[in-house]
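Whatever order the structure lists them in is the order used to number ligands and atoms, beginning at 1.
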Amino acid sequence: MVLLIGATGFLGPPVLKKLLGNNYDVDCLVRADSDRSRLLNAARSAGKKIKFNTGTLQSGDSIISIIKNVDSIIYMVDLKHTHLLETFLNTVKHTGLKRVVFISSTTVLIPLESMVKKQKIDSESLIKNSGLDYTILRPSMIYGSKNDINFSKMIRFIKRKGFFITFGSGNNLIQPIYIEDVANSIVSVLNNKKTYRKTYNIAGKDSLKYNEMLDIVRNKLKKKFKVIKIPIKLGILLISIYSKISKSPSLTPDQIERMEIDKAYSYQKAREDFNFSPTSFEDGIEKLIKESQVQD
Ligand SMILES: NC(=O)c1ccc[n+]([C@@H]2O[C@H](COP(=O)([O-])OP(=O)(O)OC[C@H]3O[C@@H](n4cnc5c(N)ncnc54)[C@H](OP(=O)(O)O)[C@@H]3O)[C@@H](O)[C@H]2O)c1
């Protein structure tokens, strides 16, 4: 039995579908008020049933009773919540369970200091010292479902408005990963002993300049759109003002600062240990555009 923690988020449903498709029995730990509908849909589309256990990571008790019947755990709660991870690790220590796959992020590799980066690095180091048979997967920016806040949102914006706003020159490198490749990686490492006690970067097939990415989106959408480029410094100023006015800002000044940094990653270790072979951005974005046309 595999237990998913943090499955009601963006990544959870495709991971659940992939596990069920590979005949794993799956349980999910979900908070009482979490939306389970996407998980139910994922299970239905795999033709399987799943069990929910209501609980929260804040309470070790809710995990202990569930873990009794579990062989491995996939932990998808954001590692920036170091206190939640600590509760989890302290609880698991008192059970016999050893195998946990953790989802971190390439944020830990960005050459720019931030609170989130520090929290994730601290969490990774707790995991490495936990005595568990862990595997840490670090995906780059994930895209490829209508719930993604990156490319799906971008495509909807372009379709509606006919233009797009970017910050900086657009010459920086990016390497987004298609969501199915993340789900496949999780299933590939789950019982692969070669990956125990190791950490892997996983990313899209090739890195590309932000401007090249825009050209690919333009070609695949078959739609002309204008790109309004705002210099980084002006962007930081504008977003600082906006984030003070807005109650729930969708962009923060640090995100703008990060937009000029190259985000290209080697996944050679993942290729060697579990045959990681990611989708190209051209193919991934084409699938996303097709799916969004079906849903329009
Ligand atoms: N999205 C990306 O582009 C991206 C890129 C790289 C790495 N990652 C990493 O991939 C992982 C999954 O990302 P995601 O985008 O799917 O995250 P997400 O959408 O933010 O989902 C987070 C999940 O954690 C659960 N959670 C939060 N606090 C909890 C608690 N106290 N007890 C139990 N569950 C709790 C949430 O449950 P509720 O539904 O109850 O809130 C939700 O299921 C994260 O580690 C993230 O850092 C994501």
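- At a threshold of 4.0 Å, the pair Lys287-Glu180 does not count as salt-bridged, since none of the basic side-chain nitrogens sits closer than that to a carboxylate oxygen.
- The N/O atoms of Leu29, backbone and side chain alike, include none that comes under 3.5 Å of an N/O atom in ligand 1.
- Without hydrogens or angle criteria, Asp133 side chain to Tyr196 main chain gives no donor-acceptor distance under 3.5 Å.
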Using the ring pair (Phe, Tyr, Trp, His ring centres under 6.0 Å) rule, take Tyr267 and Phe276 through it: C-alpha gap first, then chi angles, then the decisive distance, then the call. CA-CA 8 Å; Tyr267 51 78; Phe276 177 67; 5.2 Å; yes
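- When His83, His81, Arg31 are ranked by how near their heavy atoms come to atom 28 (N) of ligand 1, first place goes to Arg31.
- Under a 4.0 Å criterion applied to the non-hydrogen atoms of Leu11, ligand 1 contributes the atoms 16 (O).
- The protein heavy atom nearest to atom 39 (O) of ligand 1 is Thr8 OG1, 2.5 Å.
- Considering both main-chain and side-chain atoms, Gly9 comes within under 3.5 Å of ligand 1 through a nitrogen or oxygen pair.
- Listed by number with element, the atoms of ligand 1 under 4.0 angstrom from any heavy atom of Met76 are 11 (C), 12 (C), 44 (C), 45 (O).
- At least one side-chain heavy atom of Val77 sits under 4.5 Å from a side-chain heavy atom of Leu57.
- Geometrically, ligand 1 and Ile5 share no nitrogen or oxygen pair separated by less than 3.5 Å.
- Each of Tyr143 and Ile186 belongs to its own hydrophobic cluster when Ile, Leu, Val, Met, Phe, Trp and Tyr are linked at side-chain heavy-atom distances under 4.5 angstrom.
- The protein heavy atom nearest to atom 1 (N) of ligand 1 is Phe10 CD2, 3.4 Å.
- A single hydrophobic cluster is not seen to contain both Leu79 and Ile110; linkage of ILVMFWY side chains at heavy-atom distances under 4.5 Å, directly or through other members, places them apart.
- Note on Ile202 and Val187: same hydrophobic cluster, where clusters join Ile, Leu, Val, Met, Phe, Trp and Tyr whose side-chain heavy atoms are under 4.5 Å apart, directly or indirectly.
- Follow the hydrophobic side-chain contacts under 4.5 Å out from Leu11 and you reach Leu40 in the same cluster.
- Not a single salt bridge (Lys or Arg N to Asp or Glu O under 4.0 Å) links Lys229 to another residue, sequence neighbours left out.
- Of the protein's heavy atoms, none falls inside 4.0 Å of atom 20 (O) of ligand 1.
- Residues Ile216 and Phe151 share a single hydrophobic cluster, defined by chaining ILVMFWY side chains whose heavy atoms lie under 4.5 Å apart.
- Nearest non-hydrogen protein atom to atom 48 (C) of ligand 1 is Ile142 CD1, 3.7 Å.
- Summary of contacts: the protein heavy atom closest to atom 34 (N) of ligand 1 is Val77 CG2, 3.9 Å.
- Taking each of Ala203, Ser104, Cys28 in turn, the one with a heavy atom nearest to atom 9 (C) of ligand 1 proves to be Ser104.
- The option with the heavy atom closest to atom 5 (C) of ligand 1, from among Ser140, Ala7, Ser105, Pro176, is Ser140.
- At least one donor-acceptor pair closer than 3.5 Å links the side chain of Thr135 to the backbone N or O of Thr195.
- In terms of heavy-atom proximity, Ser72 sits nearest to Leu97 at N-CD1, 4.0 Å.
- If you check which protein heavy atom lies closest to atom 40 (O) of ligand 1, you get Ser34 OG, 2.4 Å.
- When non-hydrogen atoms are compared, ligand 1 lies under 4.0 Å from the side chain of Leu84 (C-beta onward) but not from its backbone.
- Some N or O of Ile103 is nearer than 3.5 Å to an N or O of ligand 1, by distance alone.
- Contacts with ligand 1 closer than 4.0 Å are made by side-chain heavy atoms of Lys120 only, the backbone lying farther away.
- The shortest contact between atom 32 (N) of ligand 1 and any protein heavy atom is with Leu57 N, 3.0 Å.
- Nearest to atom 31 (N) of ligand 1 among the protein's heavy atoms is Gln58 OE1, 2.9 Å.
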